[in-house]
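Just so you know, ligand 1 is whichever comes first in the structure, and atom 1 is the first atom listed for that ligand.
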Amino acid sequence: MTLLIVGATGLLGTELLRQTTAPDSPHTQGQPVAATFHTRPPTNTPDVHWTPLDLRSRDQIHHLITTLRPHTVINAAYRQHDWPTTAQGPTHLAPPTWPHPPGPTHLALATTRTRTRLIHVSSDAVFSGHAPTYDETAHPDPTTPYGAAKAAAETTIAALDPTAVIARTSLIIGNGHSTHEQRVRALATGATTGALSTDDIRCPVHVQDLAAALLELTDPTYTGIHHLVGSDALSRHTLGTLIARQQGLDPNTLARARRAEVGPPSPLELRLDAHRTQQRLTTRLRGAHEFLS
Ligand SMILES: NC(=O)c1ccc[n+]([C@@H]2O[C@H](COP(=O)([O-])OP(=O)(O)OC[C@H]3O[C@@H](n4cnc5c(N)ncnc54)[C@H](OP(=O)(O)O)[C@@H]3O)[C@@H](O)[C@H]2O)c1
């Protein structure tokens, strides 16, 4: 009855591991926990069975799932600019059996074969931002390669396993460790230059809330798409201001800009509506004003 966390060296994976291995964890009730890493060495976590895994390798995925036989897999792995990792699976690392099945992720193929429950973490980037809000019934309309990769993964997983959970989230904030907090710190201390956009709206979530909610979603009564985002929609600049204040830095040092001036094109306003998911969850998905106060 093993729970397997894929991508357990990342921001979210580390927190999932922390919560599942805590002595008083309400989520795992003493069940074995296994975890995968790719490039970063695993943390020293007694009682966790670590395995290297490259999600671009179909063989590695199938070997791991068929030998470990976990009852549940939470997939928190991704690489922003890497389609094979984020959407599908094998490319150059696969055996020469092209053409591959179109679209499906090989993790979902493996878990479907072994009747393993799959919880897949997705993103608000599957949406364009053209609609005022998006609830769990909205169809993806991605406008970036990352969003397209996430939408492709969602589509194949849902087709292969209707009982799988697809959990869409937004900017993940985590006790100073997230890239968003690190960037604010670098900007506010002058370690880097740049600005934060005032027209780029997201619903940031705290990594502890996100991990706890994902662990709740391992319950087999949950299936399909769920939105796990914080209850506040705010710009990256406002988020930066809250982060700076929380870290004792001067928010006035954070320059403002319009999105077009600070980076590659991306959706502007991604307001995910999580009410439907939140109604069923015990975990409360706090807004950034609360968790950064
Ligand atoms: N961070 C955000 O603000 C944000 C926003 C929306 C959605 N999300 C979604 O949330 C999830 C977790 O994000 P995160 O911020 O925790 O990510 P992260 O910190 O960047 O961690 C990514 C994880 O994926 C693993 N990984 C990367 N390439 C891999 C490969 N080819 N094979 C196997 N594992 C691989 C990494 O392993 P190594 O470190 O060992 O290489 C790491 O454990 C992702 O699905 C992401 O799309 C994140």
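- Close approach of ligand 1 to T169 (heavy-atom distance below 4.0 Å) involves ligand atoms 6 (C), 7 (C), 8 (N).
- In the vicinity of S122, heavy-atom distances shorter than 4.0 Å reach the ligand 1 atoms 7 (C).
- Looking at A76 next to ligand 1, no N or O pair under 3.5 Å apart turns up.
- The minimum heavy-atom distance between I65 and P70, with the atom names listed, is O-CD, 3.7 Å.
- Shortest contact from atom 22 (C) of ligand 1 to any protein heavy atom: Y78 O, 3.6 Å.
- Remark: minimum distance from atom 45 (O) of ligand 1 to any protein heavy atom is reached at K150 NZ, 2.8 Å.
- By the 4.0 Å N-to-carboxylate-O rule, R168 lies close enough to E154 to be salt-bridged with it.
- Proximity of L53 to ligand 1, defined as any heavy-atom pair under 4.0 Å, is confined to the backbone N, CA, C and O atoms.
- The protein heavy-atom contact nearest to atom 9 (C) of ligand 1 is V121 CG1, 3.9 Å.
- Nearest protein neighbour of atom 16 (O) of ligand 1, counting heavy atoms only, is L12 N, 2.8 Å.
- By the 3.5 Å distance cut-off applied to N or O atoms, G13 is not counted among the residues near ligand 1.
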Exercise for the section: Output, in order, the C-alpha distance, side-chain angles, deciding distance and verdict of side-chain hydrogen bond (donor to acceptor under 3.5 Å, both in side chains) for H275 and D273. Expected result: CA-CA 6 Å; H275 285 99; D273 180 345; 2.7 Å; yes
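- Remark: R284 engages E290 in a salt bridge, criterion side-chain N to carboxylate O under 4.0 Å.
- Below 4.0 Å from some heavy atom of G10 lie the following atoms of ligand 1, by number and element: 18 (P), 19 (O), 21 (O), 42 (C), 43 (O).
- Judged by a 6.0 Å distance limit and a 45° cone about the ring axis, R271 is not positioned over the six-membered ring of Y134.
- Remark: the T112 side chain and the D161 side chain contain no N/O donor-acceptor pair separated by less than 3.5 Å.
- Remark: the Q31 side chain and the T2 side chain contain no N/O donor-acceptor pair separated by less than 3.5 Å.
- Among protein heavy atoms, the minimum distance from atom 38 (P) of ligand 1 is reached at T9 OG1, 3.2 Å.
- Any N or O atom pair closer than 3.5 Å counts here, and D54 shares at least one such pair with ligand 1.
- Grouping the Ile, Leu, Val, Met, Phe, Trp and Tyr side chains by contacts below 4.5 angstrom, directly or via other members, places V229 with F127.
- At a threshold of 4.5 Å between side-chain heavy atoms, the hydrophobic network of Ile, Leu, Val, Met, Phe, Trp and Tyr places I5 and Y78 in two separate groups.
- Heavy atoms of other residues, nucleotides or ligands lying less than 6.0 angstrom from CZ of R185 number more than 12.
- Atom CG of D47 sits in a sparse spot, with 12 or fewer heavy atoms from other residues, nucleotides or ligands closer than 6.0 Å.
- Among the atoms of F37, none of the N or O lies under 3.5 angstrom from an N or O of ligand 1.
- Counting protein heavy atoms only, atom 39 (O) of ligand 1 is closest to R40 NE, 2.6 Å.
- For atom 29 (C) of ligand 1, the nearest non-hydrogen atom of the protein is H38 ND1, 3.4 Å.
- Salt-bridge check for R286 with D209: passed, with a basic side-chain N closer than 4.0 Å to an acidic carboxylate O.
- What sits closest to atom 6 (C) of ligand 1 on the protein, heavy atoms only, is S170 O, 3.4 Å.
- Checked against a 3.5 angstrom limit, the closest N/O atoms of L55 and ligand 1 fall inside it.
- Those atoms of ligand 1 with a heavy atom of H180 less than 4.0 angstrom away are 2 (C), 3 (O).
- Polar contact check, R79 against ligand 1: a nitrogen or oxygen pair lies under 3.5 Å apart.
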